Amino acid sequence: MHFQLTDDQKLIQDTAREFAQNELAPLAGKFDEEQRFPSEIVGRLAELGFMGMFVPEEFGGAGTDNLSYIIAVEEISRVCASTGVIVSVNNSLVCHPLLKFGSDEQKRRVLTPLAKGQKLGAYSLTEPGSGSDAASLRTVAVKKGDRYVLNGRKCFVTNGPNADFVLIFATIDPTKRSKGICCFIVEKGMKGFSVGTIEKKMGIRAALSCELVLDDVEVPAANLLGEEGQGFKVAMNTLDGGRNGIAAQALGIAQASLDASVRYAKERVQFGKPIAEFQAVQWMLADMKTSIDAARLLTYRAAVSKETQEYYGLETAEAKLFASHVAVDCAIKAVQIHGGAGYMHDHPVERFMRDSKITELYEGTSEIQRLVIANNVLKAAAK
Ligand code: CAA
């Protein structure tokens, strides 16, 4: 299997690359240092059509294929992984479920401004007591007439402090586990809905994450996404695509680590010659290049599978599991090649190493990806 990008895909790759190199690269370190949401960059990404890429034009999107979107996240993350995940969350975790499960009215009122990048979205599943075991969530929704009243506390919500619309997962009956869960479109400004602590993080510090507090928030029934009790399936199907976005983010970090290492190894002279001439360094570069190519194949295959298969969770779990490991490994190798200089804040490889770790944690840890893969393997073997 090989991927020959189409002219349209190449154009999107070039556009994303040029934008990232010219407009984002000069600011990425500063955003990280200041832990500042890159609003001006998100505005430009909206103008370029990157906030709702695979959403049809009719609902404000760019109408691209899924692989184009994945390539754009890769290119953006190659320069700034924080911006990469902001784009990935808006596209994969918010636009996708609205497009797949939303009513026509929700598509016009909520999806369209999100896909145009006029509004920002967040996805909120995790709670202090419910991470990998997502079905054990405890935020409750009680139906009262034509409204649901939501109470609970969410955490680690990427884009949370900046979001206009948040997909909140809550249960109408905790004893039913996954079958009690519903997905609600909660809007900024709704009474009782507030941002709690904004987290101080190891990496992706410009993509702000926070707690969200729901204190008797009255959500109109028109804001239920999908059917009552279908929320867990909405959450899981959404993460199947989201994990592909994180694989692309990981790929971008890994590629950036290799790019920086090659540049540095050619410039840095020790023992009378550039360190690129030492086999110890060459082997690291060779291993980085090989693993990045393998991660790219898995990530692009997963992107295509979303358009050719009804279920693509196996492909995206494999891509995320592998690419996130590659990102961490390549970023650590990049710091090693840079030596003491790589440990210093002035070199971007230090940021790449901090940013890489999250790819093994969010949208399902590597252990959860292995669980999904193993379940698929065992199910296939039982047939
Ligand atoms: N698509 C559709 N439906 C699915 C599904 C999928 N991919 N996976 C499971 N389901 C369905 C099952 O078919 C089952 O339905 P039925 O009862 O009708 O048969 C139902 O969901 C329950 O499935 P399981 O019994 O497999 O559920 P489980 O409780 O054992 O959990 C799990 C499975 C894979 C461990 C899941 O809980 C999981 O993915 N956990 C990780 C959570 C996660 O990724 N969190 C990330 C938070 S978001 C985030 O990180 C965003 C960010 O910051 C950027």
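Atoms considered below: every heavy atom in the structure, side chains included; atoms not considered: hydrogens, waters and symmetry mates. Keep in mind it's a predicted model, so treat the numbers as computed, not measured. Just follow the structure's listing: the first ligand is 1, and inside any ligand the first atom is 1.
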[X] and [Y] ion-paired at < 4.0 Å:
X    : Y    : result
E350 : R354 : yes
R44  : E23  : yes
D104 : R108 : yes
R177 : D133 : yes
R243 : E363 : no

Does the protein place a non-hydrogen atom closer than 4.0 angstrom to [atom]?
atom                    : result
atom 39 (O) of ligand 1 : yes
atom 12 (C) of ligand 1 : no
atom 24 (P) of ligand 1 : no
atom 32 (C) of ligand 1 : no
atom 27 (O) of ligand 1 : yes

* To do: Give a yes/no verdict on a cation-pi contact between K306 and F54, requiring under 6.0 Å between NZ or CZ and the six-membered ring centre and an angle within 45° of the axis.
  =>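 Pair K306/F54 counts as cation-pi.
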
[atom]: which of [options] has the nearest heavy atom?
atom                    : options                : answer
atom 9 (C) of ligand 1  : Q369, E310, M236       : M236
atom 41 (C) of ligand 1 : S130, S132, A134       : S132
atom 34 (C) of ligand 1 : N375, V372, N376, N159 : V372

Check each atom of ligand 1 against the heavy atoms of [X] and keep those under 4.0 Å away; list them by number with element.
X    : value
L93  : 51 (C)
G131 : 42 (C)
Y123 : 48 (S)

Below the 3.5 angstrom mark, is there an N/O of [X], backbone or side chain, next to an N/O of ligand 1?
X    : answer
D240 : yes
K179 : yes
R177 : yes
L239 : no
T126 : no
E363 : yes

* Where do D293 and K289 land on the salt bridge (charged side-chain N to carboxylate O under 4.0 Å, His left out) test, with the steps shown first? -> CA-CA 6 Å; D293 281 353; K289 168 73 177 146; 3.1 Å; yes

Show every donor-acceptor pair shorter than 3.5 Å between a side-chain atom in residues 193-212 and any protein atom, with sequence neighbours excluded, or say none if there are none.
unit_1	atom_1	unit_2	atom_2	d
T197	OG1	E211	OE1	3.2
K201	NZ	I204	O	3.3
K201	NZ	A207	O	2.5
K201	NZ	S209	OG	2.7
R205	NE	D32	O	2.9
R205	NH1	Q35	OE1	3.4
R205	NH2	D32	O	3.3
R205	NH2	E33	O	3.2
E211	OE1	R153	NH1	3.1
E211	OE1	T197	N	3.2
E211	OE2	R153	NH1	3.4

* **Per-residue contact class, I246 against ligand 1 - non-hydrogen pairs under 4.0 Å** =>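 Under 4.0 Å from ligand 1, I246 contributes no heavy atoms.
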
* To do: Kindly state each residue pair satisfying salt bridge (Lys or Arg N to Asp or Glu O under 4.0 Å) with at least one member in residues 312-329, sequence neighbours excluded.
  => R301-E318, D329-K333

